[in-house]
Amino acid sequence: MRAKIMKIDPDRIDAAAIAQAGEILLHGGLVAFPTETVYGLGGNALDAGASARIYEAKGRPSDNPLIVHIADWDALSRIAAQIPPRAGKLADAYWPGPLTMIFPKKNVVPPETTGGLDSVAVRLPSHPVARALIRAAGGYVAAPSANRSGRPSPTTAAHVAQDLGDEIDLILDGGMVGIGIESTIVDFTEEVPTILRPGYISEEMLISCLGEVRTDQALIDADSALPPKAPGMKYRHYAPRADLTIVEGEQSAVVAKINDLAAEAAAKGKSVGIIAARETADAYPLGLVKTIGSRAREEDIARNLYEILRAFDETQVQLIYSEAFYTPRMGQAIMNRLLKAAGHQVLHI
Ligand code: TXA
Ligand code: MG
């Protein structure tokens, strides 16, 4: 069955449409919906069968836990067994918003939702469509990013339809998302709150709110012997079909190197793609150049990243060279995604 796509204006929410989507979730069905980060694939988080359906639709490994989305702070205590005061402080600062917190779970959350873990990841999104849907669905919506496992996360309803159109019941189309990369994940089951996935809420923002914060060692050191604490971070997500290499260094040297590589590849009859900032995009005479945004507007770079990776998948490009984007605030999150897409292939020059 092909999913129905329903347009919904985030500024003027159609209550009847939301009620219909909520009914689907209450009956164990799956509904994709926009959040401020990426589109989510929603199912009732307290229904083991719905969670199982999410894994099946995405082709996701069953050890990779789902994030439970709530619409109100008060909903948290029904699913989280211990909520440290520091988590309350962080919620005051950044909920609703692009932040996920991990707590010991209560029994009401089935193991199917948490990949068998004793903890539960919880997010209170700010997107009005997401919040209305969560309320209509009884308050607890499990939602991974609404891509097929291994594809870039979806930033538009069309991306969701491409990947999951045949697997789910309904897609709520609220337009392109605002942020474009997934939420920051902070683990509160540790002695010191620990970042398991970087996102829009940066390490500096967390430190200024919480004081001490750690970062999962597996994020800092790609060759770490320890597995990442967020099971999903161990997979090579977001892999484009073409072979992607990041070229890092001083700007003019990077441009020269990418041009050399593009010329070499062209001489061998290979088709090349290039991911460039607006400032340097015109400096590449060869290859299919995609402009990700200005270095002065890092939000644009974050928002366009997945769209560009998907767009290259629609072309015949075999090799992609990308500039690096260590921008001031979101650079850590952007580069975390880009490095994974590249399987950590980086040329330092
Ligand atoms: O922005 C987002 O967080 C989006 C939107 C839809 O809300 N959702 C999202 O979900 O990115 P997903 O499933 O694609 O990524 C969830 C990540 C995975 O890496 C998973 O392993 C980790 O969160 N995770 C979930 N529950 C966890 C837990 N109890 N302990 C450790 N990691 C957990
Ligand atoms: Mg995902």
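All ligand and atom numbering here is 1-based and tracks the order in the structure.
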Open item on the list: Quick check on contacts: which atoms of ligand 1 are under 4.0 angstrom from a heavy atom of Ser183?
Closed with: 1 (O), 2 (C), 3 (O)

TODO: Fit a plane to each ring of Phe33 and His69, take the angle between them on a 0 to 90° scale, and name the class: parallel (under 30°), tilted (30 to 60°) or perpendicular (over 60°).
DONE: perpendicular

TODO: Please state which part of Arg60 comes within less than 4.0 Å of ligand 1, counting heavy atoms only: side chain, backbone, both or neither.
DONE: side chain

TODO: Might you point out which heavy atoms bring Ala121 and Thr100 nearest each other, and give the distance in Å?
DONE: CB-CG2, 3.7 Å

- [ ] Just let me know how Asp187 lines up against ligand 1, side chain, backbone, both or neither, with a heavy-atom cut-off below 4.0 Å.
- [x] neither

Task: Backbone or side-chain N or O of Lys58 under 3.5 Å from ligand 1 N or O - done: no

Open item on the list: Is it the case that over 12 heavy atoms from other parts of the model lie below 6.0 angstrom from the CG atom of Asp9?
Closed with: yes

- [ ] Check the surroundings of atom NZ in Lys106: do more than 12 heavy atoms from other residues, nucleotides or ligands lie under 6.0 Å from it?
- [x] yes

Task: Exercise: do Thr280 and Gln251 side chains pair donor with acceptor under 3.5 Å - done: no

Task: Heavy-atom side-chain contact between Thr155 and Tyr39 under 4.5 Å - done: no

Open item on the list: Would you say that more than 12 heavy atoms from the other residues, nucleotides or ligands in this model lie under 6.0 Å from the CD of Gln316, or not?
Closed with: no

Task: Min N/O separation Glu182 to ligand 1 under 3.5 Å - done: no

TODO: Provide the number and element of each atom of ligand 1 under 4.0 Å from a heavy atom of Ser119.
DONE: 28 (C), 29 (N), 30 (N)

Task: Thr35-ligand 1 polar pair, N/O distance under 3.5 Å - done: no

Task: Atom indices of ligand 1, in the order listed, that fall short of 4.0 Å to a heavy atom of Leu117 - done: 28 (C), 29 (N), 30 (N)

Task: ligand 1 atoms in contact with Asn64 (distance to a heavy atom under 4.0 Å) - done: 18 (C), 20 (C), 21 (O)

Open item on the list: If you count heavy atoms of other groups shown closer than 6.0 angstrom to CD of Gln82, is the number above 12?
Closed with: no

Task: Where ligand 1 meets Lys229 - atom numbers and elements under 4.0 angstrom, heavy-atom basis - done: 31 (C), 32 (N)

- [ ] Flag yes if more than 12 heavy atoms outside Arg295 fall under 6.0 Å of its CZ atom; otherwise flag no.
- [x] yes

TODO: Give the single entry among Gly40, Gly116, Ala143, Pro65 that approaches atom 8 (N) of ligand 1 most closely by any heavy atom.
DONE: Ala143

- [ ] Can you sort out which atoms of ligand 1 are near Ile67, meaning under 4.0 Å from one of its heavy atoms?
- [x] 3 (O), 8 (N), 9 (C), 10 (O), 16 (C)

- [ ] Flag Arg123 as yes when one of its N or O atoms lies below 3.5 Å from any N or O atom of ligand 1, and as no otherwise.
- [x] yes

Task: Ser153 N/O/S atom closer than 2.8 Å to the Mg ion (ligand 2) - done: no

